[in-house]
Structure formats: structure tokens, C-alpha cells
Amino acid sequence: MAPSSRARLTVDLDALAHNFHAIAAESAGAETAPVVKADGYGLGAGPIAQRLWAEGARTFFVARLAEGEALRAALGARPASILVLDGFTPGAGPRLAAASLTPVLSGMGQVSAASAFAVSARAPLPCALQVDTGMNRQGITVAQAAAVAQSPDRLRGLDIGLVMSHLGCGAEPDHPRNRQQLAAFRQVRALFPEARASLAASAGAFLGPDYRFDLVRPGVSLYGGGPQERFDPRLRAVARLEAPILDIRNLNPGDLIGYGDTIGVDRATRVAVVGAGYADGVIRAARRQGQAFVGGALRRLYIVDMDLTVVDLGDAEAQLGDMVELLGPNALLDDLAQAAGSIAHECLVRLSPRAERIYVGEKVAEPA
């Protein structure tokens with residue numbers, strides 16, 4: 001039988017569990033609440049959340065309402081707390097209630113709409129409140145938070161169990177913006193003393209005890225991305241993307257590779273044509289700078305087309321059908337992101353369903 005030309009994505013749930021506990025150890029005293037938005041950063045929110053539940057996670061964050069509904073279905077009877085970062089969007093009330101999802105309110109309009117829904121339903125609505133402490137992306141202002149806290153009628157029907165914010169420069173530990181946001185968030189926390197508090201995501205969880213508060217929200221670092229956007233030995237690679245060698249070619253000095261006339265070789269060169277490209281999630285911008293692991297060493301990526309990637313084989317012993325690691329414990333996630341001028345988050349969520357998916361380390365856990 002001829003070897004398959006299909007790429008293969010292996011999701012290592014044991015590595016995921018290792019990362020969860022590494023982050024929890026770094027954030028001792030705070031609950032570790034995984035972010036599984038964008039289908040678990042492209043790796044499958046259902047299997048990801050089920051394994052994390054087995055490891056002790058009880059609170060999860062998603063972005064969209066539909067993601068929350070899908071996660072609730074995947075977790076079944078497990079009584080997880082699922083927070084929706086989009087908040088209380090128009091018409092979302094009945095669906096949030098039906099799936100027992102908690103909206104993260106990020107604007108005064110959302111606060112008003114959620115309160116009106118809770119009053120009409122004659123039932124308290126669990127909510128989180130997001131406050132903008134300097135990132136200028138989502139959240140009510142600190143001044144608005146103070147006004148809301150001083151006007152209980154605005155929160156009628158709402159059970160604010162969490163106040164949260166998000167760091168804009170958490171990946172840069174010495175950036176002054178971190179301390180500025182921390183100071184602002186401390187003001188916010190004082191306004192809602194009965195609620196739990198959360199400031200740190202992946203990067204913030206590694207900034208030290210001042211940033212932990214009651215709950216940390218790791219995302220990319222759960223999946224192997226370093227908190228400072230470079231390899232971190234405390235974390236393990238969760239995703240391994242491999243694809244087979246479809247052809248081995250010998251090029252002469254001056255030969256061009258692929259489209260256009262900008263990429264070529266200046267010496268006799270052996271290259272492997274690998275059966276994965278940007279349709280599988282290998283970011284095209286990583287050509288020239290990116291590396292793949294083959295024959296026991298990292299080798300340069302020449303081009304990345306839709307379905308094919310060309311890799312410099314050098315003197316590697318390789319043959320047709322051999323698998324080339326394009327992303328994984330050797331071809332590191334953060335290195336690929338740097339080569340592509342991007343970040344680990346994008347490299348993960350761009351992984352395509354076209355590749356065969358294999359989950360290692362699946363566990364079945366009973367509801368707590």
C-alpha cells in the first residue's frame with residue numbers, strides 16, 4: 001500500500017496536563033481557569049476541556065456564546081463554570097440561561113441589558129464584570145466601575161461573582177504598563193470586595209504573586225506557548241504537526257523554487273517536498289526563516305505553498321514517506337511564530353482540520 005500523503009496533527013493531552021499543573025504551581029493560591037476559546041486554540045475544545053477537568057480545572061473561559069454551548073455539551077453533566085467573554089450580546093439571555101453560561105459584561109450597555117433580563121426573569125443572573133485598566137480593548141472604564149459600584153440599582157438582578165481585567169504587556173515583565181494596570185485593578189477590586197478578582201492570563205500568571213489575585217486565566221501557555229513569546233522549559237509542546245515527504249529533488253546552483261524568482265539556491269542542494277502547506281496551518285510567512293525537523297536536525301523551510309512545503313534536506317538520511325515535523329517538541333511553536341512574524345496563538349488557531357487528528361492521553365472523568 002502506498003504511504004498516505006495526509007498530514008498528521010497529534011495533540012498530546014499529557015503535555016497539556018503537565019502545562020496546567022506547571023501554571024498552577026506558578027500561580028499557587030489562585031484558581032487556574034483554562035481559556036479554551038477558538039476550539040481550544042485550534043486543538044479541540046472538547047478533548048482539551050475533558051482532560052483539564054480530569055486534572056482539576058473547574059472554571060473555563062470561551063469567547064463566543066456558541067463556543068460556550070458546545071463546551072457545555074462536551075462536558076456533559078460535569079458542573080463546570082463556563083464564562084463567555086463576549087458577554088451579554090443582544091438576544092443572548094435565554095441561551096446563556098439554558099446552557100448555564102456566565103456572561104463577562106464588558107460595556108455599560110451590557111450591564112443594563114443583563115440587569116433588565118435578570119429582573120424580567122425574576123432570577124439572579126451570575127455575571128463577571130470586565131474593567132479596562134489600560135488595554136483599551138474591552139471592559140468598562142475604572143470610572144464607570146466606580147459609578148456602578150456606588151449605584152446598586154444598576155446591578156439589580158446581577159450576581160457579580162468575578163471582576164477581571166487584561167494585561168496589555170504581560171509578555172514583557174519589566175514594562176511599566178504592567179504596574180500601571182495593576183494599580184488600576186487594585187482600585188477596581190476594592191469597589192467589589194465580595195467578588196473574586198482576576199488580572200492575569202498566560203503571561204501574567206508568570207509575573208509573580210502581585211498579579212495572581214484569586215484566579216488566573218491561562219490560554220496559549222496551556223498549549224505550549226511561552227509566556228514571554230519564546231520557548232519556556234517549564235512547558236511542553238502540546239501540538240505536533242507532521243507531514244510525509246512526497247518527493248526528494250536535487251537542485252543545481254541558480255535553480256529557483258516555487259512561484260516567482262525570489263527563492264532559489266546558490267549551491268547543489270537536496271530538498272524534500274513535504275505534503276503540508278498553509279491549508280494545513282503552516283503559515284506562509286515562515287518561509288525562508290522557519291525550520292522543520294527531519295533526519296534528526298532542524299532544516300530550513302524554503303517555501304510554503306497551499307498544499308506543499310519545501311525543506312532543505314542537507315545531508316539528512318531521508319526517504320519518501322518519512323514524516324517531517326513542522327511543529328512540535330523539536331520545531332518549536334514560538335520559533336515558528338517568530339519566523340512568521342506572528343505569535344504562537346495564531347500558529348495554533350490556524351491549524352486546519354484537513355490533517356488527521358490523533359489525541360494522546362485522553363481520560364474519562366466522572367462529574368465531581
Side-chain angles (χ1 to χ4, degrees), residues 31 33-39 45 49 57-133 135-166 185 187-199 201 213-215 217 219 367:
E31 180 184 0
V35 179
V36 295
K37 62 183 179 178
D39 194 27
R58 294 296 179 264
T59 303
F60 299 86
F61 284 82
V62 297
R64 306 276 109 92
L65 172 57
E67 292 176 350
E69 292 170 325
L71 183 61
R72 178 64 70 199
L75 288 172
R78 301 176 182 91
S81 177
I82 301 174
L83 289 88
V84 180
L85 293 166
D86 274 356
F88 200 92
T89 52
R95 291 172 62 186
L96 288 164
S100 298
L101 304 175
T102 302
V104 179
L105 307 180
S106 296
M108 292 303 296
Q110 289 196 0
V111 172
S112 297
S115 174
F117 175 80
V119 169
S120 66
R122 298 183 179 180
L125 179 65
C127 298
L129 184 65
Q130 181 157 205
V131 181
D132 177 17
T133 55
M135 193 172 176
N136 295 307
R137 190 180 67 172
Q138 277 184 306
I140 65 175
T141 66
V142 175
Q144 288 171 331
V148 165
Q150 294 163 11
S151 304
D153 283 349
R154 292 189 176 185
L155 299 177
R156 200 153 54 105
L158 302 183
D159 179 9
I160 305 295
L162 178 73
V163 291
M164 56 179 282
S165 191
H166 197 64
F185 188 67
Q187 296 177 40
V188 172
R189 187 185 192 187
L191 296 170
F192 299 91
E194 301 302 316
R196 295 200 299 165
S198 176
L199 177 60
F213 292 92
D214 304 301
L215 180 148
R217 315 182 306 273

task = Give a yes or no answer on whether the side chain of Ser115 reaches the backbone of Val111 with a donor-acceptor pair at less than 3.5 Å.
result = no

| said: Strictly distance-based, threshold 3.5 Å: is any side-chain N or O of Asp132 a donor or acceptor partner for the main-chain N or O of Thr141? | reply: no

Gap separating the [atom1] atom of [X] from the [atom2] atom of [Y], nearest 0.5 angstrom:
| X | Y | atom1 | atom2 | result |
| --- | --- | --- | --- | --- |
| Leu155 | Leu129 | CG | CG | 7.5 Å |
| Leu75 | Ile82 | CG | CD1 | 5.5 Å |
| Met164 | Arg189 | CE | CZ | 14.5 Å |

Flag side-chain contact, heavy atom, 4.5 Å: [X] against [Y]:
| X | Y | value |
| --- | --- | --- |
| Ile140 | Gln110 | no |
| Thr89 | Arg95 | no |
| Leu162 | Leu83 | yes |
| Phe60 | Pro34 | yes |

Lys/Arg-Asp/Glu bridge criterion (N-O < 4.0 Å) met for Lys37, Asp86: no

Heavy-atom pair with the smallest gap, counting every atom of [X] and [Y]:
| X | Y | answer |
| --- | --- | --- |
| Ala118 | Leu125 | CB-CB, 3.8 Å |
| Val62 | Glu67 | CB-OE1, 3.6 Å |
| Ala145 | Phe192 | O-CZ, 3.8 Å |
| Val84 | Ala63 | CG1-O, 3.5 Å |
| Leu65 | Ala92 | CD2-CB, 3.9 Å |
| Arg196 | Thr59 | NH2-OG1, 4.4 Å |

Side chain to side chain donor-acceptor pair (under 3.5 Å) pairs touching residues 146-165, sequence neighbours excluded, are Thr133-Ser165

Review point. Taking the six-membered ring for Trp, are Phe117 and Phe88 parallel (under 30°), tilted (30 to 60°) or perpendicular (over 60°)?
Key: tilted

Give every donor-acceptor pair under 3.5 Å between a side-chain atom in residues 96-106 and any protein atom, sequence neighbours left out.
from: Ser106; atom 1: OG; to: Val104; atom 2: O; distance (Å): 3.4
from: Ser106; atom 1: OG; to: Gln130; atom 2: NE2; distance (Å): 3.2

